[in-house]
Number of protein chains: 2
Amino acid sequence: MFIVRETTIIIAMSRYDPSAFPPFAVTVDLVVLTVRDHELCALLVRRGEPPFQGYWALPGGFVRPDEGLAEAASRELAEETGLRASAPGQSAAGVHLEQLATYGHPQRDPRMRVVSVAHLVLAPDLPTPRPGGDASSARWAPVHELLDDGPADGVPLAFDHGQILGAGVERARSKIEYSSLATAFCPPEFTVGELRRVYEAVWGVVLDPRNFHRKVTGTPGFLLPSGGTTTRQGGRPAQLFTAGGATVLNPPMLRPEA
Amino acid sequence: MFIVRETTIIIAMSRYDPSAFPPFAVTVDLVVLTVRDHELCALLVRRGEPPFQGYWALPGGFVRPDEGLAEAASRELAEETGLRASAPGQSAAGVHLEQLATYGHPQRDPRMRVVSVAHLVLAPDLPTPRPGGDASSARWAPVHELLDDGPADGVPLAFDHGQILGAGVERARSKIEYSSLATAFCPPEFTVGELRRVYEAVWGVVLDPRNFHRKVTGTPGFLLPSGGTTTRQGGRPAQLFTAGGATVLNPPMLRPEA
DNA sequence: GTAATAGTGTCTCTTAGACAATATTAG
DNA sequence: CTAATATTGTCTAAGAGACACTATTAC
């Protein structure tokens, strides 16, 4: 798939004549987060071409002339992972996608002026990603190796993707405080303990199981009992829940200080 | 100032070759909010040319090839209002500017593909704006006339600016809950009562003066006593404060439900 | 039995919300 | 004096944090 047209345009800076405008490329970059083995992980792809050839980067790509920003993000997500995300707000056991922020420093791409609209995706634990598109490989990387300690392998992410990842992680960490978004990291049916382990992994803390249970089951609309039980975590059978309709939690979950 | 070049480019959709890309225009739009006469107001400019000629719109303009997004927003703000905003996080009696969200629906501008990076500006009460640039006039409009009741004059804002304004107002309303950002609406020195009236105007509620006083003076780093007093609000002289260094409030100010 | 996880209950302390009372100015 | 705003204090109820205890499974 390679469409090529040739055209001549006038480049100008009149402020209100968009038929004459400076040329920008617009891309979407994806911060795709999940929880695996009690760790918050981000999806990375390895770049197959310069610049930053061989570096790990966030998945992403160019916005097409006829598609919206969320649409482009959703398409790139499907191309890279096979995930299907419905754009705004869905979290009920599905994939959550929201716009994060836009990065447009003039020199962020050494080749030309690229403005990238970063998106945040929260997904349940997935099989190891299939490499898609022109990324030579893909992996889930624990975010603490990419942020807190600096890059563990000594190589930072390509472009300003380290900064973008940091913003995405911080958004996820703060948003699960006052929304039911943590359920987006869970399978369709999950236990209170599994949800607690999501909070523990995202925040990097240990929570009291009894207070957590009291809190989440006492917040109206957060959890809906599905009727079933499971022992997949061992121990006494636990009730299964699905995500309730509530989106905002009031009062919020409190993130411990230390 | 009118730079015109002519060039020939290849438009293609190869995902990783930005020397071949679809053409986008990138703009910044500004949601400039202030509090006047106990009301939350937004800065609007009247469009002098089609499309939406004669409609009210948010101030904004094209991003120049050599400037960043916040830089462009800051420049447009200065051009439209004479305000000087230091980009991220400043709130101490100055103008606060932060990125809001990016709007890129393919048909949001009837002329061509325009991606707009909206920014939010919070400013103290200002004199009536001087019309700047090519806007034929400018005004402060109470946001409740533009949002809650629908456009009071029967004419919606140009483009998708009504939606952008709504997002900016909601951001401001939620952000003063858990940050000290409400001080950005105040002059350099202000009283507890003046700060309370900011909260009341932004949230559209009435707050108990005694509980509010206890809350804000008891939150470390929110307010710094400046030593002086004033009677400009009438009644007993009130202590003057400046914004403290704290940016996040924990626990937050609670917005009343009803 | 032990080990593991799930779930309930109890106590204390902080804090929001309601509201009484006093303080200090302008007029 | 009255009217207005500022400021301090008091009571109550909701909720978070600490933690004892019981329940139900796998082994």
For B/Leu207 and C/dA18, give me the distance from atom CG to atom P, rounded to whole Å.
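One finds 10 Å between P of C/dA18 and CG of B/Leu207, rounded.
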
Is the cationic atom of B/Arg173 (NZ for Lys, CZ for Arg) positioned less than 6.0 Å from the six-membered ring centroid of B/Trp203 and within 45 degrees of its normal?
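Because its charged atom misses either the 6.0 Å distance or the 45° angle limit, B/Arg173 does not stack over B/Trp203.
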
Calculate the interatomic distance between B/Leu249 atom CG and C/dT15 atom C1'; express it in whole Å.
15 Å

Heavy-atom side-chain contact between B/Leu122 and B/Leu33 under 4.5 Å
yes

Nucleotide D/dT5, atom P - distance to CZ of B/Arg196 in whole Å:
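Whole-Å distance recorded here is 8 Å.
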
Given B/Glu39 and B/His144, is the side chain to side chain donor-acceptor pair (under 3.5 Å) satisfied, shown in steps?
CA-CA 9 Å; B/Glu39 277 194 313; B/His144 79 264; 3.1 Å; yes

Could you state the CG-P distance from A/Asn250 to C/dA16, rounded to the nearest angstrom?
13 Å

Return the value, rounded to whole Å, for the distance between atom CG of B/Asn211 and atom P of D/dT10.
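Taking atom P of D/dT10 as the reference, CG of B/Asn211 is at 14 Å.
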
For A/Tyr55, check ring pair (Phe, Tyr, Trp, His ring centres under 6.0 Å) against everything at least two apart and list the hits.
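A/Tyr55 satisfies ring pair (Phe, Tyr, Trp, His ring centres under 6.0 Å) with A/Phe52 once adjacent residues are dropped.
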
Roughly how many Å is it from CZ in A/Arg232 to P in D/dA26, rounded to a whole number?
15 Å

Side-chain N or O of B/Arg210 versus OP1/OP2 of D/dT10: is the shortest distance under 4.0 Å?
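No, because none of the side-chain N or O atoms of B/Arg210 sits under 4.0 Å from OP1 or OP2 of D/dT10.
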
Contact list please: residues 234-242 of chain B against DNA chain C, heavy atoms, distance less than 4.0 Å, in numerical order.
B/Gly235, B/Arg236, B/Pro237

If I take atom CG in residue A/Asp208 and atom C1' in nucleotide D/dA20, what distance separates them, rounded to the nearest angstrom?
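That distance rounds to 12 Å.
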
Heavy atoms only, 4.0 Å cut-off, all strands: where does A/Pro209 land among base, sugar-phosphate and nothing?
nothing

Residues forming a ring pair (Phe, Tyr, Trp, His ring centres under 6.0 Å) with A/Tyr178, sequence neighbours excluded:
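For A/Tyr178 there are no ring pair (Phe, Tyr, Trp, His ring centres under 6.0 Å) partners, ignoring immediate neighbours.
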
Side-chain touch A/Val31/A/Val121, heavy atoms, less than 4.5 angstrom:
no

B/Arg75/B/Glu71 ion pair, N-O < 4.0 Å:
no

Looking at the side chain of B/Leu254, which of C/dC19, D/dA6, C/dG17 is the nearest nucleotide?
C/dG17

Could you tell me, to 10°, how much the axis swings from one end of the helix from C/dG1-D/dC27 to C/dG27-D/dC1 to the other, five pairs per end?
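Inter-axis angle at the ends, rounded: 0°.
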
So, do B/Val202 and B/Val35 sit near enough that their side-chain heavy atoms are less than 4.5 Å apart?
yes

Kindly write out the residues that satisfy side-chain contact (heavy atoms from CB on, under 4.5 Å) with B/Ala57, not counting sequence neighbours, or none if the list is empty.
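Counting only residues at least two positions away or on another chain, B/Ala57 forms a side-chain contact (heavy atoms from CB on, under 4.5 Å) with B/Arg47, B/Ala158, B/His161.
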
In whole Å, what is the span from the CD atom of B/Glu194 to the P atom of D/dT5?
12 Å

Ring centres under 6.0 Å, that's the criterion: do B/Tyr199 and B/Phe212 meet it?
yes

Please tell me if the side chains of B/Leu126 and B/Thr81 come closer than 4.5 Å, counting only heavy atoms from C-beta onward.
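Not touching, per the 4.5 Å side-chain cut-off.
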
Will you find, in the side chains of B/Thr34 and B/Asp125, an N or O donor that is under 3.5 Å from an N or O acceptor?
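The answer is no; no qualifying pair exists.
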
Contacting residues from residues 212-229 of chain B, given that a heavy atom lies under 4.0 angstrom of DNA chain D:
B/His213

Taking 4.0 Å as the cut-off, does a side-chain nitrogen or oxygen of B/Arg197 come that near to OP1 or OP2 on D/dA6?
yes

